[in-house]
Amino acid sequence: MNPIISVAMITTILSCVLITVSFWLPQVNPNSEKLSPYECGFDPMGSARLPFSMRFFLVAILFLLFDLEIALLLPLPWGTQLPSTIQMFFWAALILTLLTLGLVYEWVQGGLEWAE
């Protein structure tokens, strides 16, 4: 048999088996949290003026900040192809130093503490 046809048959059969098993296997226990349009724990019909946790906002912003700064290090493996690798390592070390200093500053200021 042609290998392409056999692979297509195997994937079709496997997909059909997985689809039928996925309908039979799970237990459906709906509750009010699962049936709400937003599964975040907030009541969508309640007041929009609920107090927002500033601590959660700070941690989320810090996560985004550090995540985006680490994205600056992604081209580092390709930087070894440059004529001056010392300069590339200098800039990478500078970015890592700034990240570390920012983390230490936030830690000392108590920005990473959930409980007061």
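Atom-to-atom distance recorded for Leu18:CG and Thr11:OG1 is 11.0 Å, nearest 0.5 angstrom.
Follow the hydrophobic side-chain contacts under 4.5 Å out from Met9 and you never reach Ile19; the two are in separate clusters. Hydrophobic clustering, with ILVMFWY side chains joined whenever heavy atoms are under 4.5 angstrom apart, keeps Ile10 apart from Val17.
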Quiz: residues 86-108 side-chain donor-acceptor pairs under 3.5 angstrom, not counting sequence neighbours:
residue	atom	partner	partner atom	Å
Thr97	OG1	Ala93	O	2.6
Thr100	OG1	Leu96	O	2.8

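Counting non-hydrogen atoms of other residues, nucleotides and ligands closer than 6.0 Å to CG of Leu64 gives a total above 12.
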